[in-house]
Amino acid sequence: MSEMRAPKGTFDTLPPASAQFVAVRDTLTAPLRRAGYGYVETPVFEDTSVFARGVGESTDVVAKEMYTFSDRGGRSLTLRPELTAGLMRAFIEHRLHTGGLPVKLWTVGSAFRYERPQAGRFRHFTQVDCEALGVDDPALDAEVVALGVQGFRDLGLTDWQLQLTSLGDSTCRPQYRELLTAFLARLDLDEDTRRRAEINPLRVLDDKRPEVQAQLTDAPLMVDHLSDSARAHHDAVRQHLTDLGVAWVEAPRLVRGLDYYTKTTFEFVHGGLGAQSAIGGGGGYAGLSAALGGPDLPGIGWAMGVDRTLLAVQAEGLDVAVAAGVRAFVVPLGAEAKRFAVRFVGQLREAGVAADTVYGDRGLKGAMKAADRSGATHAVVVGDRDLAAGVAQLKDLRSQEQTAVPLGELLSVVRDTVGP
RNA sequence: GUGGGUGUAGCUCAGCUGGUAGAGCGCCAGGUUGUGAUCCUGGAUGUCGCGGGUUCAAGUCCCGUCACUCACCCCA
């Protein structure tokens, strides 16, 4: 066994399972493409300050989970721990806000966090990201959420739910925060939790330990202390979601780990994943653009975990992969037949038929075995003897029926028999 | 960063109270010198994660270490 291994917390996605990964990734992005969102490609690493300022210095992600390094020019760079901050940096750098608003963007790619791996949590993972920037409109919030919902529906997922709440805005959140801090100060909490309460008291609300939860039954909730405008925004979002046929559950204790979220906040959770049950999440972020030195513009967006969604697909036993493999497999026998096979496979592919042949000297039996494993429904067996007679044998690998086909008709017969 | 579990063939695993390794699947070959899958027969592959200790003897017991895994924290 080799000592070479994928780094801790990373994994390789190999055939045939990789076909499912591709299907999940493409299904999640399809609704965005259909809705007119534009694709953006940004670097996998950014200046460290993009994340420090964008994600928030006090978050765990920035404080202890970033892959940060110096390049040869002495610059501090960081492998992106999420995709939104880099997207915003590009949005600001290229002054995309000077066009029509909102600006609707999506991207997909790798993200990196130095965390202890566990089920559904890795140091390298893939996210699909969707952002709508520059307009504060509850209908836009609803659209963004609905586009995420559509992806899950298209995959056939059923064991999931949308959790929704509002984290308030700059006028009501600070007041609520004080209220909550005062409440938490009266509880019997361990030192670790106290420290967390200081950094972000909201996060204590979704502590999973029963002894903590028991003390939180009477905790004040953000949704009960929203400003009039935040309240109206939240109500309108829910009305639009209803109109769009999107169901949700109220999650007044939903907290997200990135500092930039405001108002609409949501998470998609799946029942088959273990502790890391979130397959996607997002929300509004009023202050992010300004925090990165850009215009003071609002935004709404989400990130979906492709790997976690794939786990969800597998947990539900769904068959999402497009049929891989080939339809026709050419089996040559002899030197002349070999030349014919290589040429004929090229013709089949050119004609749109997924086809393959055998490479390496394996003999007829081995070649037939390869044909079987390829997933092809039909084999084209051709030996020098057949070529001399001007035919090839077309064999249905399921029924075992074999018929001789004149070479002049072979291409069209195979194409019509096996399909694309 | 903290805690629990597990490391034996390519994969899934068995190996009782210590006596120097096995099964199924897969792979290869033959049965069928021009036919796969099915069936029959045969075959190959292991530093038992690594290091140390106890013992006449360690896959088995003890210690350490690494990896994987699950959970906390956090999050996709």
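What you see is a predicted model; the values in this text were computed from it and never measured. Computed over heavy atoms, backbone and side chain alike; hydrogens, waters and symmetry mates excluded. The sequence lines fix the lettering, A, B, ..., with proteins before strands; numbering per chain opens at 1.
- Between the P atoms of B:G31 and B:A14, the separation comes to 38 Å (whole Å).
- Listed pair A:Q118 / B:C70 fails the phosphate criterion, with no side-chain N or O lying under 4.0 Å from OP1 or OP2.
- Nearer the 5' end of RNA chain B, as judged by each residue's closest nucleotide, is the contact made by A:K64, out of A:G281 and A:K64.
- A:E250 and A:R238 are joined by a salt bridge, as a carboxylate oxygen and a charged side-chain nitrogen come within less than 4.0 angstrom of each other.
- Electrostatic pairing of A:R121 and A:E115 counts as a salt bridge here, judged by a charged N lying under 4.0 Å from a carboxylate O.
- In this structure, CD on A:E350 lies 12.0 Å from CZ on A:F344, to the nearest 0.5 angstrom.
- Screening residues 153-165 of chain A for side chain to side chain donor-acceptor pair (under 3.5 Å) gives A:R34-A:D154, A:Q150-A:D154, A:T158-A:E316, A:Q161-A:Q163 as the qualifying pairs, with residues at least two apart or on separate chains.
- When the P atom is used for both B:U17 and B:G59, the distance is 16 Å, rounded to whole Å.
- If you take atom C1' in B:A21 and the same atom in B:G46, they sit 9 Å apart, rounded to whole Å.
- Comparing the C1' positions of B:U38 and B:G5 gives a spacing of 41 Å, expressed to the nearest Å.
- One can find a donor-acceptor pair under 3.5 Å joining the base of B:A76 and the side-chain atoms of A:E115.
- With rounding to whole Å, A:Q163 atom CD is found 13 Å from B:A76 atom P.
- Taking atom CG of A:D372 as the reference point, atom P of B:A37 lies 6 Å away to the nearest angstrom.
- Among the heavy atoms of the strands lying under 4.0 Å from A:R113 is at least one base atom, whether or not backbone atoms are also near.
- Contacts with RNA chain B (heavy atom under 4.0 Å) in residues 121-132 of chain A: A:R121, A:F122, A:F125, A:Q127, listed by number.
- Whole-Å rounding puts the A:L273 CG to B:C74 P distance at 19 Å.
- Residue A:D396 contributes atom CG, which lies 16 Å from atom P of B:A37 at whole-angstrom precision.
- Between B:C27 and A:R373, a contact under 4.0 Å exists linking OP1 or OP2 to a side-chain N or O.
- One P atom belongs to B:A23, the other to B:U41, and the distance between them is 14 Å to the nearest Å.
- When the side-chain contact (heavy atoms from CB on, under 4.5 Å) test is applied to A:E198, no partner is found at least two apart in sequence or on another chain.
- Distance, A:D12 CG to B:C68 P: 12 Å, rounded to whole Å.
- Residue A:D386 is classed as a base contact, given a heavy-atom separation below 4.0 Å to a base.
- Within 4.0 Å (heavy atoms only), A:I279 reaches sugar-phosphate atoms of the nucleic acid but no base atom.
- A heavy-atom distance below 4.0 Å to RNA chain B is reached by these residues of residues 397-415 of chain A, ordered by number: A:L397, A:Q400, A:Q402.
- Regarding A:R116, its CZ atom lies at a distance of 14 Å from the P atom of B:G5, rounded to whole Å.
- Considering A:R75, A:R53, A:R89 in turn, A:R89 is the only one that fulfils the salt bridge (charged side-chain N to carboxylate O under 4.0 Å, His left out) rule with A:E46.
- Under the 3.5 Å distance criterion, the side-chain polar atoms of A:S277 are left unmatched by any main-chain donor or acceptor of A:L273.
- Side-chain atoms of A:E178 and A:Y176 form no donor-acceptor pair, as typed in the model, at a separation below 3.5 Å.
- Remark: side-chain polar atoms of A:D372 are not paired, donor with acceptor, to backbone N or O of A:G375 under 3.5 angstrom.
- Using a 4.0 Å heavy-atom cutoff across all strands shown, A:K8 reaches sugar-phosphate atoms only and no base atom.
- Taking the ring centre of A:F112 as origin, the terminal cationic atom of A:R80 falls outside the region bounded by 6.0 Å and 45° from the ring axis.
- A salt bridge does not link A:R113 with A:E82: every distance from a Lys NZ or Arg NE/NH1/NH2 to an Asp or Glu carboxylate oxygen is 4.0 Å or more.
- For the pair A:K263 and A:D136, the salt-bridge criterion is met [side-chain N within less than 4.0 Å of a carboxylate O].
- Note on A:R196 versus A:D207: salt bridge recorded, some NZ/NE/NH1/NH2 to OD/OE distance being below 4.0 Å.
- The environment of OH in A:Y114 is sparse: at most 12 heavy-atom neighbours from other residues, nucleotides or ligands sit within 6.0 Å.
- Near RNA chain B, defined here as any heavy-atom distance below 4.0 Å, the residues from residues 363-371 of chain A are A:L364, A:K365, A:M368, A:K369, listed numerically.
- Look at CD on A:Q393: it is 10 Å from C1' on B:U35, rounded to the nearest Å.
- Side-chain polar atoms of A:R25 and A:Q20 form no donor-acceptor pair below 3.5 angstrom.
- Which of B:C73, B:C68, B:A37 sits closest to the side chain of A:Q276 comes down to B:C73.
- Taking atom P in both B:A57 and B:U20, one finds a spacing of 14 Å when rounded to whole Å.
- The strand RNA chain B forms stems, runs of 3 or more Watson-Crick or G-U wobble pairs with distances below 3.5 Å, at B:1-7 with B:66-72, B:10-13 with B:22-25, B:27-31 with B:39-43, B:49-53 with B:61-65.
- At whole-Å resolution of the value, CZ in A:R196 and P in B:C72 are 12 Å apart.
- Closest contact between the side chain of A:Y261 and the listed nucleotides B:C70, B:C74, B:A76 involves B:A76.
- On the C1' atoms, B:U60 is 42 Å away from B:A76, given to the nearest whole Å.
- With values rounded to the nearest 0.5 angstrom, A:L333 atom CG is found 10.5 Å from A:Q393 atom CD.
- Using C1' as the reference atom, B:A58 and B:G42 are 34 Å apart when rounded to the nearest Å.
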